[in-house]
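Quick notes on the structure that follows.
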Amino acid sequence: MTRPSPPSGSEKTGPDAFALLHRGVQRWVWERRWTSLRPIQEQAIRPIIGGDTDVLLAAATAGGKTEAVFLPVCSVLARDAEHGESTGIQAVCLSPLKALINDQHTRLTDLCARIGIPVTAWHGDIGVIQKDRLREEPSGILLITPESLEAMFVTRGSTVARLFADLRYIVVDELHAFLGTARGAQLRSLMHRLERAAGHRAARIGLSATLADLRAAAEFLRPGEGDRVTILEDRGAGKQLLLQVRGYVADLREDAEGGACDAATGHLYQVVRTGHNMVFVNSRAEAESCAAALSEFAEQDRIPNPFTPHHGSLSAELRAHAEQRLKNRSAPATIVCTATLELGIDVGWVDTVVQLGTPPTVAGLRQRLGRSGRGSAPAKLYVYITEQSLPETPVERLRLDLVQTVAMVELLLRRWCEPPDLETPHLSTLVQQILSVLAQHGGASALRLYRELCADGAFPGVDEQTFADLLRALGAHGIVTQERSGLLLPGKVGETLLNHYSFYSAFDTVEEYTIATVDGDMGTMPISPAVDTGALLAFGGRSWQVVEVKPAERRVLVVPARGGGVPPGFAGVPVPVSDGVRQHMREVYLGTDVPRYLDEAAAILLEEGRMAFREIGLADLHVHEYDGETLLFPWRGDRVVETICHLLRWVGIKAAHAGALVTVPDVPPERLRGAVSRLVKAGPPDPVDLAGMVADKRRHKYDHYLGEELLSRSYAAQALDVPGAMRFLEQLSG
DNA sequence: GACCTGCTGCGGTTTG
């Protein structure tokens, strides 16, 4: 066969970056007939082969990140193998999804087989045979979830040091998915514990979507040394974006199925009835009802139904089937999905991305948009916003959904996105990690625990005093117990937690029913609200009738029905709106220009919102009286708004958080101002005291073992912003 | 009205 000339180098990396790759790896690249490596792939070779620096690689989905990491990693491993130097797993790749691991396993197997490096995929669906094989002969590359790695520490702690003795690289896939989350705190701790078990540092390599603050991501990757991480970014060629925000009005009070909703769905149908498209919605119920509504249009048109719902309550099989339909280019296919398809699961390029309703976050909107634009074709995004007809209340007149959407699109175009909270210690996850370390070593001293978990910043911000307080609280709850020698062991409750498989995840989930048909399980639904025999359900894009509920087995049996199903009552918590978005909403109200990406109806809605903003007098005031209630408009994120409510309650005023605003019943503006002035004069309470007043402070899996004092401190740090709230109250009183 | 993610070990039954 003919050999194309090797890919050429760029100025920045020198002409011989490709030459640094192992011969077997070079051969594999030639066989792929790649005419050149992408810039980020070339830039990554030198620092990764050098092995003496951590690397953060940021590029859009399908930007070739996986190869950028594994061409050099495999080169190093292949050379080691030739010198017979390795006796253990040399590279661990931590990934947030099982589907991504399967994907990567397929992609890497061919390259690695070529150079004789074993690749092992390891997660809950992988059989015990493959796992045993790796435990007996540890070597090569391990692709694993944080939860499975956690399980390895807990159930076979004594073997970890041997398995990872030769560890050179820790790769984190989709790093942005971990930032600022419980799972992220766990991941950080696991990386730290891996290096401690190995007895040396490994080069950490993070793969991320392009995010606004890559320095913050670097700091997450190597706490305390983020400024020494090598950052490689491929911002792409600045792909052209075709964007339209479409406005609709619907009278929600009279008929939820009203005419304007149909108008929006009717237009949407015309946009997505052909080609390959993704419609993102903000809830699982909406994914079901929207897919059903679109399917009805298809039925009326007598065309094969191209619409499939996709969300987290559907079984893995049904989801894989939907993904397969979208990938298959021979027939039109449109998937109606929630955030499940934001992460990097490969569904190929799609023609058009649609967002129904306000996007959840700017970062999420960017991820969703990134799915569109095949090759050099422009990315195409439609956003549909439905506001109420005949608005009466200030909230209705302000057209908040549309204005929030405009603010988010503007921020997206400026490359801004929500900053993750990386500073606050995640005490719930620290509880999990304490138990895990005790299981790993069969007990440990308090000092060893502190060194292993908190030193070097795996849990930044946890000082020795806080750690001691935490251990005391855990002792009081039977999570840990102390021997006379001082050795800490899991307590009775701790043992129970450790012995159940649900221990390995850092996040919490509620128990659910499995929805079962004669052909197999379709997915899950909440146990509450209760479902009765005979009820009609819309699920997986079809209608079903419940024939039996088996509470003991946690199963609901269903049979196909002819239609009329309603989506199950999925439970959920709101996604908080960030400070940056709310502050920019105020700018949008104060502005006068009408963005070109608004259709006529959306432009009218924006003008209506701006007019209401001026009429209510919000340009100068942040307070308004309506229908016996005083309304406050802080134009700040949900965290600040929530804190304002707590501060008002602190001085005896009943205040409620309602989206962007605070409502205060039965207190006229003047009296409220007086109370706020006194609060400002007296100065704010200690945030921990303020938190102490909050009835239910539990937010994370193990929060209820923290004890009142630590829980208040944790809540104050994570959920409150007292300085931010005081700034608004000072404006109000001033 | 409101996202997503993950999971061991063992005992039992069935099948070739």
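First the proteins, then the strands, lettered A, B, ... as listed; each starts at 1.
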**Request:** Go through the structure and list residues passing ring pair (Phe, Tyr, Trp, His ring centres under 6.0 Å) with A:Phe539, not counting sequence neighbours.
**Result:**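 Listed in chain order: A:His311.
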**Message:** Walk along nucleotides 3-13 of chain B from 5' to 3' and tag each nucleotide B, S or - by protein heavy-atom contact under 4.0 Å, base first, then sugar-phosphate.
**Reply:** BSBBBBS----
**Request:** Tell me whether the guanidinium CZ or amine NZ of A:Arg193 lies under 6.0 angstrom from the six-membered ring centre of A:Phe153 and within 45° of its axis.
**Result:**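 Flagged: A:Arg193 positioned over aromatic ring of A:Phe153.
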**Message:** Check this for me: does any side-chain nitrogen of one of A:Lys65 and A:Asp173 sit under 4.0 Å from a carboxylate oxygen of the other?
**Reply:** no
**Asked** Is any side-chain N of the basic residue among A:Arg397 and A:Glu392 closer than 4.0 Å to the acidic one's carboxylate O?
**Response** no
**Prompt:** salt bridge (Lys or Arg N to Asp or Glu O under 4.0 Å) between A:Glu147 and A:Arg183: does it pass, once the steps are laid out?
**Reply:** CA-CA 9 Å; A:Glu147 288 76 13; A:Arg183 236 180 154 194; 2.9 Å; yes
